[in-house]
Each structure stands twice: as structure tokens, then as C-alpha cells.
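All remarks here apply to the structure that follows.
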Protein chains: 2
Amino acid sequence: MVTQVEVAKKAGVSFITVYRVLNNKGYVKKETREKVLKTVKALNYYPNHIGQALRKKKVNTIGIVIPEPPNVPVHGMEYYNMLMQGVDRFAIMHNYDILLSTYKQNDPKADYYRLYFQRKVDGLILFIPDMRCLDMNQIVKKKIPCVIIGERPIDHHISYIDSENFDGMYRVTEYLISRGVKKIAFIMGKPYMRNTIDRVNGFLKAMEKNGLPVPDYYIIKGDYTIISGITAMKKIILYKELPEAIICSNDHMAMGVLSEAKKAKIRIPEDMSLVGFDDINIAALIDPPLSTVRQPLFDMGFKASEILFKKIENPLHDCEIKVFPVELVLRKSII
Amino acid sequence: MVTQVEVAKKAGVSFITVYRVLNNKGYVKKETREKVLKTVKALNYYPNHIGQALRKKKVNTIGIVIPEPPNVPVHGMEYYNMLMQGVDRFAIMHNYDILLSTYKQNDPKADYYRLYFQRKVDGLILFIPDMRCLDMNQIVKKKIPCVIIGERPIDHHISYIDSENFDGMYRVTEYLISRGVKKIAFIMGKPYMRNTIDRVNGFLKAMEKNGLPVPDYYIIKGDYTIISGITAMKKIILYKELPEAIICSNDHMAMGVLSEAKKAKIRIPEDMSLVGFDDINIAALIDPPLSTVRQPLFDMGFKASEILFKKIENPLHDCEIKVFPVELVLRKSII
DNA sequence: CTGAAAGCGCTAACAC
DNA sequence: GTGTTAGCGCTTTCAG
């Protein structure tokens with residue numbers, strides 16, 4: 001392995017000079033500097049990150065904690081990728097790398113903080129953590145630099161990023177109503193997730209405000225997977241009367257509904273309007289293109305990265321909370 | 001930060017005893033062992049990975065090198081995710097973590113090996129690297145533990161994983177021919193990629209073997225993006241006569257073709273059959289569901305991880321090459 | 001302008 | 001059974 005010392009030997013100087021040249025610290029004679037740089041190139045020397053890290057107590061690495069890919073039914077991998085892009089972009093700009101850590105969903109033994117305690121990372125970004133299993137006290141007690149995306153811890157000493165789930169559903173429901181739609185069914189996501197609650201409440205609020213009744217059987221359970229959309233639609237088809245619209249808590253379930261509707265020769269949007277949430281890439285490509293609510297995922301990831309970065313560089317930095325606005329994306333699945 | 005020494009102090013032993021307990025090395029009295037374990041728990045001590053790494057010259061981390069997500073037109077993020085799942089599964093089983101590194105496509109200055117030279121990782125898996133910019137001599141000269149997925153270096157001292165691209169296209173073409181289809185157009189991927197060449201050759205071989213002519217204008221350029229599928233289809237529509245089938249080098253382009261076909265009121269499969277490659281998740285969900293060729297992506301990632309692991313644990317381990325068979329997935333887009 | 005020496009947390013060879 | 005000591009590659013303080 002090529003070390004400072006080796007470079008120094010070859011260049012006929014002491015290792016400290018090598019250090020100074022590479023870190024622009026202290027004065028080094030021009031010729032010496034050039035000689036050093038030449039040997040660095042010649043030997044293909046890279047500063048050993050482990051040595052640096054041990055000394056500086058900083059590894060310049062961010063940990064992203066994410067459910068195991070096979071169990072990513074929540075919004076699909078695409079959702080996570082978009083967030084990750086944002087995180088990565090900011091991280092690269094500030095010389096951080098990204099370490100990936102997956103955990104099994106609903107596993108009470110999942111060790112969300114391992115990478116931090118091991119000092120493999122300087123801080124963590126948790127993507128939609130399973131709040132039933134996450135011990136959030138640790139974050140505060142152990143002062144773990146940490147940002148949560150997609151959930152909202154009650155503890156006000158924890159930074160998080162989310163989007164206006166309530167508002168998005170509220171607005172898209174209002175839009176449907178403005179188009180004359182009255183009988184609207186709603187398919188929910190996993191019941192223990194905060195965004196599930198917010199989304200259904202946004203829907204209910206809009207209905208209530210417009211004096212529209214929502215019978216119990218118009219609120220159908222789901223779990224964010226395509227298959228749960230299919231199941232829900234099967235149930236709905238059995239109703240005496242089709243709703244005029246179905247709003248789904250995410251795009252995946254809307255796709256399940258759509259495929260089941262096609263089987264049953266129910267035309268979208270002629271017979272029934274359909275709405276999703278998230279605006280995953282496929283949403284624009286299916287037939288008919290899906291109306292949905294877009295979250296600024298890239299920006300959310302980017303911001304999370306930024307907050308975490310500040311916290312790492314300055315542990316006294318206050319925790320930050322940022323809730324991003326969402327955007328209605330109206331496509332042909334709505335009359 | 002909690003260190004071995006602190007644990008030792010609290011437990012009233014020397015740090016080496018702590019080390020022994022945690023690593024099951026040498027003999028430690030039962031009572032001492034228990035006392036140590038208790039303090040480890042009490043203090044929430046985790047061995048500092050950086051200290052270990054410096055000493056053992058091993059970071060237990062695998063680097064995955066991947067094009068920047070925004071520029072992942074090749075097969076879409078989904079493709080990479082599936083590979084990643086496989087890599088991750090094996091890695092976790094052997095106590096490795098995964099560090100992500102992105103590079104800009106077609107950037108001659110992209111530093112593919114940085115993470116390794118910095119000792120942030122013990123080895124690298126390159127996902128479909130841009131062979132125009134990759135200096136492969138380095139892998140051999142610097143003995144970088146490395147596995148390439150989706151490309152085939154000519155140098156026989158480099159491990160790689162790929163799938164039977166030629167065979168897949170050959171078989172799917174033969175299948176079409178067996179269904180009575182004769183006039184088949186083919187949309188190519190990026191010209192500098194090995195799998196592009198293999199796929200088009202598989203197609204040509206099947207056509208040739210069956211004595212079917214392929215006029216030049218039936219081989220259309222593309223670059224694996226949806227948009228290039230759209231462009232290609234626009235061109236095809238202008239032909240005097242529609243081909244009886246279009247085979248695309250990947251599913252994304254097939255989706256582009258499909259959406260353009262719908263606009264032009266060309267029915268799939270009644271007016272024209274359509275075939276993709278990869279079997280990304282959406283393929284089964286679009287209308288009509290897309291016939292395609294599936295690569296065992298998870299297994300490919302898993303195997304890559306395994307080969308890399310062997311190479312890291314034993315640098316003398318021979319390089320390995322594994323080409324996975326593919327599977328025809330016949331759906332309704334074919335007559 | 002350049003260098004010597006100490007120490008980050010851990011492991012491993014060697015004493016007691 | 002338990003402890004001492006040296007050293008991994010780097011940074012930093014203090015000398016010259």
C-alpha cells in the first residue's frame with residue numbers, strides 16, 4: 001500500500017511535507033511541492049481514508065437506512081431512488097460518500113443505528129422508518145446526527161422531511177368535486193404510517209367541507225402494494241353501484257385498481273375516475289395516464305442531506321423540519 | 001466516544017480482556033466475561049470500525065459503482081436495484097456493507113477506482129461501466145478486487161457477470177418466426193455497449209438461419225431510452241409498410257414504441273407484435289403486457305458479490321466469469 | 001520553510 | 001487467565 005511515508009522517501013523529503021502539499025497547509029517551497037506532486041502521481045498515491053478517519057474522527061460518509069428492497073412495497077423502489085438521488089447530489093458536492101443499509105420491515109431487532117455506533121458513518125438518513133420498531137429516544141440521548149424522511153417523529157428534537165400529504169389529498173379531492181364528482185371511494189395505505197393517516201384525512205376533510213357523505217364502505221383498506229389495489233377493486237366491483245371516482249393513497253394501488261378495472265371492462269375515466277399519489281415514472285406511461293399528486297422527491301432528499309450535513313459539521317446546529325408542498329398532476333384518468 | 005479502554009476501566013479489567021471477550025479469543029474467566037458483557041451493554045459499546053480497519057487493513061465494505069441515477073437510461077433504475085438486491089443479500093450474509101458511488105456517463109475523468117484506492121472499500125462491483133472511459137489495465141496492474149456486471153472485458157484476468165444476450169434475442173426471434181412472423185424490425189441500444197451488439201447479432205442470426213431478409217432500414221438506432229423508442233417508432237410509421245413485429249433491445253424502448261403505436265391507432269398485437277428485453281416490473285403491467293426476455297438480475301448481483309468476496313478474502317483466487325441464461329417471457333404483445 | 005513526536009482505537013505477538 | 005507493548009496511516013502541536 002502506498003503511504004505518505006513512501007511518497008516522502010521517493011521524493012526525498014519527510015512525510016510531513018507530503019501532507020502539507022496535499023492539504024495546502026503551511027509553506028512548502030515550490031520545487032519541493034512539485035517534486036512531491038510528481039511522486040504522488042507516479043506512485044498513484046491516495047490518502048488512506050481510514051487513517052484520516054481515525055485521526056479526525058470523521059469518515060465523510062452518510063448512511064442511508066432503507067427497508068430491504070424485496071420488501072419495499074410502500075412506494076416502490078423508484079420512490080427511494082429519487083430521494084437517494086437528491087441525497088447523493090448534495091453529498092457528492094460536500095465530499096461525502098453514501099453507505100447503504102437495509103433492514104427488514106417490522107423487525108423489532110433491526111439495528112437502525114449500527115452504522116453510526118460503529119463509526120462507519122457520520123450520520124444517518126432514515127427513509128420512511130417503521131416507527132413501530134424505531135427507538136427514537138436513542139437519537140436524542142446519543143445525539144445521533146439523523147434526519148428522517150417520510151415520517152414525523154413527535155419528539156421535537158429530531159429533524160425530519162416530509163411533504164404535504166394532507167394538502168395534496170385535500171386538493172385533488174376538491175378538484176374532483178369541482179368536476180362534478182360526488183361519490184368518491186378511497187383506498188388507504190398501511191394503517192400505522194403517518195402519511196396514510198394524513199392522506200385519508202385530507203380526503204375526508206375535503207368531502208366534509210363540501211358536504212359530501214363518505215359511507216364506511218367507501219374507505220377501503222390497502223397496504224400500498226399493487227396487489228392490495230387489485231383486492232380493493234375486486235371488493236368495489238361487487239358494490240351495487242360503482243363510485244364515480246377512486247382515490248388511492250399511492251400510484252401503485254391505482255395501478256392495481258386500473259388493471260382490475262380493465263378486466264371488468266370498466267372504462268377509466270368514462271365510467272370512473274382514478275387518482276393516485278406520488279407520480280412515479282410509470283404513472284405518465286400507463287393507459288390512461290394517471291392523475292396523481294407529485295412529491296418533490298429529489299428536493300426532499302437533497303434537503304435531508306443538507307440538514308444532516310449541517311448537523312454533522314456542527315453538532316450544536318438546531319434540528320430542522322421541512323415539509324415540502326406537493327403538486328397536482330392532472331392526466332387523463334380523470335373526467 | 002466509548003472505547004475498549006473505557007469499557008475496561010468500568011469493568012475493572014484491562015482493555016485486552018474486553019477485546020478477548022468480544023472476539024472470543026483466548027481464555028477469559030466466566031465471571032470476568034459476564035462482567036465485561038454487562039458493561040458493554042450498559043455503555044452501548046460498539047467496536048470502532050475505523051480502528052479495526054486501520055489495523056486489519058480491511059473495511060468490510062463493498063463499493064458499487066453505478067452511473068448517476070439521472071443518467072441511467074440504459075435499463076432504468078429498476079435494473080440496477082435488482083442487481084443491488086442480489087449484491088446486498090450476499091454482502092449482508094458475510095458482514096459487508098455497501099458503499100455507493102456514482103459517476104457521470106461518458107466522463108473520461110470519472111474515477112472508478114477512487115473508493116478502493118482510498119481504502120474506503122475492499123473491492124468494487126462495476127455495474128455496466130462505460131468501457132470507453134474505464135481504464136481496465138489498472139484492475140490488473142493494481143490488483144483491484146473487482147467484478148464487472150453487464151459488460152465483458154476482453155482481458156481474461158478480470159471477473160465478470162453477464163447474461164446470454166445473444167441467446168435471448170435469438171430465441172425470441174425464433175419464437176416470433178415460429179408464429180409465422182417474417183418482417184421484423186429491430187431497435188438497437190447504445191452502439192458502444194457489448195450487450196447491444198450481442199442482442200442485435202442474436203436477432204440477425206435467427207433471421208439468417210431462417211432465410212429471412214433484414215433490410216437495412218429495419219435495423220433502427222436507439223439508445224435504450226423510452227424517448228429513443230418513440231423516435232424510432234415515428235420513423236417506422238412513415239415506412240410504406242408496417243413490419244409485422246418490432247423487437248426492441250430493452251423494455252424501455254418497447255414502451256416508447258407502444259405509446260407511439262397507440263397514438264397512431266396501431267393495435268398491438270393485432271397489427272404488429274412487440275418484444276422487449278429485461279422484464280422490468282412495468283412490463284407485465286402495461287397494456288398489452290409486454291413479451292420480453294428476463295435476466296436473472298438478483299442472481300447475477302448475488303453471484304458478483306460472491307466472486308468479489310472470494311477475491312477479497314483470498315487475493316490469489318482466480319478470476320471468475322459467469323454468464324447466466326435468460327428466460328423468454330411470453331405475454332400478450334405477441335400474436 | 002521543514003521535521004519530530006504523540007496519539008486516534010484497535011489487534012496481535014509476547015510476557016507474566 | 002490476564003496484561004504490556006508496538007504499530008496500522010494520518011493529523012497536529014511544537015521545535016528548529
Side-chain angles (χ1 to χ4, degrees), chain A residues 1-37 39-40 43-61 95 97 114-122 313, chain B residues 1-37 39-40 43-61 95 97 114-122 313:
Chain A
M1 198 183 308
V2 189
T3 69
Q4 272 184 355
V5 175
E6 278 183 61
V7 175
K9 241 188 266 172
K10 260 246 159 75
V13 295
S14 114
F15 67 86
I16 192 66
T17 308
V18 176
Y19 166 73
R20 285 198 177 113
V21 168
L22 291 170
N23 294 273
N24 280 316
K25 289 199 173 159
Y27 299 94
V28 183
K29 232 200 303 188
K30 251 197 182 158
E31 306 152 39
T32 325
R33 147 172 269 107
E34 274 159 23
K35 200 166 47 178
V36 168
L37 285 175
T39 19
V40 163
L43 297 182
N44 189 244
Y45 167 75
Y46 278 70
N48 181 315
H49 161 260
I50 299 299
Q52 291 180 327
L54 183 62
R55 184 61 227 241
K56 300 208 279 198
K57 294 175 177 304
K58 187 139 165 304
V59 288
N60 274 64
T61 309
N95 245 306
D97 287 304
R114 190 197 101 231
L115 290 176
Y116 175 71
F117 289 137
Q118 288 186 149
R119 305 295 141 159
K120 266 196 139 169
V121 303
D122 299 311
E313 304 277 316
Chain B
M1 198 182 308
V2 190
T3 69
Q4 272 183 355
V5 175
E6 276 184 61
V7 175
K9 240 188 265 174
K10 261 248 159 74
V13 296
S14 115
F15 67 86
I16 193 67
T17 308
V18 176
Y19 166 73
R20 286 197 178 115
V21 169
L22 291 171
N23 295 273
N24 282 315
K25 290 200 174 160
Y27 297 95
V28 182
K29 232 200 303 184
K30 250 195 185 163
E31 306 155 39
T32 326
R33 147 172 267 106
E34 274 160 23
K35 202 165 45 177
V36 168
L37 285 174
T39 19
V40 163
L43 297 181
N44 189 242
Y45 168 74
Y46 279 70
N48 182 317
H49 161 259
I50 299 299
Q52 291 180 328
L54 184 59
R55 185 59 227 242
K56 300 206 282 198
K57 296 177 177 304
K58 184 136 168 306
V59 287
N60 274 65
T61 308
N95 245 306
D97 287 304
R114 190 197 99 232
L115 290 176
Y116 175 72
F117 289 137
Q118 287 186 149
R119 306 295 141 159
K120 265 196 140 170
V121 303
D122 299 311
E313 304 277 317

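The figures that follow rest on heavy atoms only: side chains count, while hydrogens, waters and symmetry mates do not.
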[X] side chain: which of [options] is closest?
{"X": "A:Pro47", "options": "D:dG9, D:dC10, C:dG9", "value": "D:dC10"}
{"X": "A:Tyr19", "options": "C:dA12, C:dC8, D:dT12", "value": "D:dT12"}
{"X": "A:Asn23", "options": "D:dA6, D:dT11, D:dG3", "value": "D:dT11"}

Whole angstrom value for the distance that separates [atom2] of [N] from [atom1] of [X]:
{"X": "A:Lys30", "N": "C:dC1", "atom1": "NZ", "atom2": "P", "answer": "11 Å"}
{"X": "A:Gln4", "N": "D:dC8", "atom1": "CD", "atom2": "P", "answer": "13 Å"}
{"X": "A:Lys58", "N": "C:dG9", "atom1": "NZ", "atom2": "C1'", "answer": "19 Å"}
{"X": "A:Lys35", "N": "C:dC1", "atom1": "NZ", "atom2": "P", "answer": "14 Å"}
{"X": "A:Ile16", "N": "C:dG7", "atom1": "CD1", "atom2": "P", "answer": "16 Å"}
{"X": "B:Asn48", "N": "C:dC8", "atom1": "CG", "atom2": "C1'", "answer": "9 Å"}
{"X": "B:His49", "N": "C:dT11", "atom1": "NE2", "atom2": "P", "answer": "11 Å"}
{"X": "B:Phe15", "N": "D:dA6", "atom1": "CZ", "atom2": "P", "answer": "12 Å"}

Would you say [X] and [Y] make side-chain contact, with heavy atoms under 4.5 Å?
{"X": "B:His49", "Y": "A:Leu115", "value": "no"}
{"X": "B:Val2", "Y": "B:Asn44", "value": "no"}
{"X": "B:Asn48", "Y": "B:Thr3", "value": "no"}
{"X": "A:Lys120", "Y": "B:Asn60", "value": "yes"}

* Pairwise 5' ranking along DNA chain C for B:Arg20 and A:Lys29, keeping only the more 5' one -> A:Lys29

* Asked: With sugar-phosphate meaning primed atoms plus P, OP1 and OP2, does B:Ile50 contact a base, only sugar-phosphate, or nothing at under 4.0 Å between heavy atoms?
  -> nothing

Looking at [N], I'd like to know if its phosphate oxygens (OP1 or OP2) sit under 4.0 Å from a side-chain N or O belonging to [X].
{"X": "B:Lys56", "N": "C:dC10", "answer": "no"}
{"X": "A:Thr32", "N": "C:dC1", "answer": "no"}
{"X": "B:Tyr45", "N": "C:dG9", "answer": "no"}
{"X": "A:Gln52", "N": "D:dG9", "answer": "no"}
{"X": "A:Tyr27", "N": "C:dT2", "answer": "no"}
{"X": "A:Thr17", "N": "C:dG3", "answer": "yes"}

* To do: State whether B:Tyr116 and B:Arg119 meet the cation-pi test: NZ (Lys) or CZ (Arg) under 6.0 Å from the six-membered ring centroid, and within 45° of the perpendicular axis.
  => yes

